[in-house]
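All ligand and atom numbering here is 1-based and tracks the order in the structure. The chain is numbered in sequence order, starting from 1. This is a predicted model, so every value here is computed, not measured.
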Amino acid sequence: MAATQTLQAGVAASAPILDIKGVCKRFGGVVVADKIDLEIRGGEILGLIGPNGAGKTSLFNLISGVVAADAGSIVLGGQSLLGLPLYRRARVGVARTWQHMRLFGSLTVLENMLVAPSHYPGESLLRLILSPAAVRRAEAELRERAHLILKRMKLDALADANVNDITFGQQKLVGLARALMSNGPVLLLDEPMAGVEGVAYETMRDIVREEAASGRAVCVVEHNVSFIRDLCNSAVFMAQGRILERGDVATLLESKVLAELYFGQ
Ligand SMILES: Nc1ncnc2c1ncn2[C@@H]1O[C@H](COP(=O)(O)OP(=O)(O)OP(=O)(O)O)[C@@H](O)[C@H]1O
């Protein structure tokens, strides 16, 4: 309870980190974003809920640069993201997880994390040739960061395990761990709790709370309503590419519009 109050105080005090205005996107006849306006502040954990096909993942794709918007603006900390490809948006601070985890099955837990950093020093051939010591140092720092994240997730003993040999809940945590290799201000989590139970559920919830408390703006797409209740300070309800309602979680989950469109009541 105290943690929630602290987060909400932080939210009220800060300016939006991510500011989305009038964003539109259609694929042929399918409208996935219809004049979307959305602000997310540092410290906030915003739930994004809505029926299948509402456009939730598409909104993440528009923010992270998987697809380009037809119209509107997406501004991160004062900088427009429009026109920037996926990797540049990751560099300026958009970190995300994927609904289907996209882990590399032939790699270990640690290796999966080391392919993720938004600034990987060894990728520049010139740097590799001119300053190999600096590249080695930077790589050691990335490894250390990865180990620290795994430790927070109580997964450090599995660093060298193949990702195919760990449980589904642990794989979901690795997906989050990989996103946390970027310490940018925005964290987009696409169904982080689907199929996650027990210790992995609690770890996921605690880490997401900690990330928000450190000032990140977190947005979570989730069908698991109890997770939204457990975690988020506010939520938006989307359907057919539109944001229909926004509010605190308890009020939103009791909304008639949501009950009719989401639960079919
Ligand atoms: N690249 C694409 N090309 C064509 N249609 C697409 C594309 N991406 C998404 N769509 C369509 O846009 C609609 C919204 O999809 P989206 O995945 O954003 O919904 P969602 O709210 O995340 O749904 P779910 O909860 O089932 O994951 C769907 O009808 C989907 O088929």
Side-chain angles (χ1 to χ4, degrees), residues 18 20-40 44-74 81-90 94-103 168-169 171-172 175-176 178-179 186-197 201 204 208 217-232 234-247 249 252-253 255-265:
L18 190 66
I20 298 171
K21 283 205 169 56
V23 164
C24 297
K25 179 73 186 176
R26 62 160 66 227
F27 294 108
V30 181
V31 177
V32 296
D34 186 3
K35 300 196 191 96
I36 298 273
D37 292 329
L38 188 65
E39 292 178 350
I40 313 179
E44 185 172 17
I45 308 178
L46 177 74
L48 195 49
I49 50 184
N52 292 329
K56 305 178 298 293
T57 296
S58 296
L59 185 56
F60 276 13
N61 288 341
L62 285 159
I63 297 168
S64 59
V66 177
V67 295
D70 296 335
S73 67
I74 303 176
L81 297 182
L82 292 191
L84 297 184
L86 183 74
Y87 77 94
R88 296 266 318 269
R89 294 192 199 197
V94 180
R96 75 171 286 183
T97 65
W98 305 83
Q99 195 174 352
H100 306 292
M101 289 172 276
R102 299 186 176 202
L103 299 178
F168 182 79
Q171 289 176 350
K172 288 285 239 191
L176 175 62
R178 189 170 61 175
V186 171
L187 187 56
L188 307 175
L189 306 177
D190 202 345
E191 299 199 24
M193 303 313 292
V196 180
E197 296 169 341
Y201 178 100
M204 181 77 79
V208 174
V218 183
C219 186
V220 187
V221 167
E222 191 54 71
H223 286 285
N224 180 339
V225 172
S226 65
F227 183 65
I228 294 277
R229 241 188 261 277
D230 209 9
L231 189 72
C232 299
S234 57
V236 297
F237 178 59
M238 273 189 85
Q240 296 180 328
R242 285 198 206 141
I243 291 183
L244 300 185
E245 298 206 25
R246 176 171 187 159
V249 173
L252 196 86
L253 289 177
S255 131
K256 265 182 102 174
V257 179
L258 183 140
E260 278 163 19
L261 282 169
Y262 199 33
F263 300 116
Q265 294 159 8

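- Considering backbone and side-chain N/O of G50, none are found under 3.5 Å from N/O of ligand 1.
- Nearest protein heavy-atom contact of atom 28 (C) of ligand 1 is G53 CA, 4.1 Å.
- Annotation: the span from L188 atom CG to F60 atom CZ amounts to 4.5 Å, rounded to 0.5 Å.
- Protein heavy atom closest to atom 22 (O) of ligand 1, with residue, atom name and distance, is T57 N, 2.9 Å.
- Under the side-chain contact (heavy atoms from CB on, under 4.5 Å) criterion, E39 pairs with P16, D19, K21, R41, sequence neighbours left out.
- Once rounded to the nearest 0.5 Å, the distance linking NZ of K56 with CD1 of I243 reads 12.0 Å.
- Protein heavy atom closest to atom 6 (C) of ligand 1, with residue, atom name and distance, is F27 CD1, 3.4 Å.
- With rounding to the nearest 0.5 Å, the separation of CG in L38 from CG in L46 is 5.5 Å.
- Less than 4.0 angstrom separates some heavy atom of P51 from each of these atoms of ligand 1: 21 (O).
- Panel note: side chain K25, backbone A68; a donor-acceptor pair is recorded below 3.5 Å.
- Heavy atoms of H223 found under 4.0 angstrom from ligand 1 belong exclusively to the side chain.
- Distances below 4.0 Å separate heavy atoms of A54 from the following atoms of ligand 1: 19 (O), 20 (P), 21 (O).
- Nearest-residue assignment for atom 20 (P) of ligand 1 (options E191, K25, K56; heavy-atom criterion): K56.
- The proximity of V32 to ligand 1, defined as any non-hydrogen pair under 4.0 Å, is limited to the side chain.
- By the neighbour-count criterion of 12 heavy atoms within 6.0 Å, atom CZ of R242 is sparsely surrounded, having that number or fewer from other residues, nucleotides or ligands.
- When only interatomic distances are considered, the shortest N/O to N/O separation between V30 and ligand 1 does not fall below 3.5 Å.
- Protein heavy atom nearest atom 16 (P) of ligand 1, with residue, atom name and distance: S58 OG, 3.7 Å.
- S64 OG to L84 CG: the interatomic distance, rounded to the nearest 0.5 Å, is 12.0 Å.
- Atom-to-atom distance recorded for L244:CG and I49:CD1 is 11.0 Å, nearest 0.5 angstrom.
- Side chain of R89 to main chain of L81: a donor-acceptor pair is present (N/O by atom type, distance under 3.5 Å, no hydrogens or angles).
- In terms of protein heavy-atom proximity, atom 26 (O) of ligand 1 is closest to N52 OD1, 3.1 Å.
- When only non-hydrogen protein atoms are considered, atom 27 (O) of ligand 1 lies nearest to Q99 NE2, 3.4 Å.
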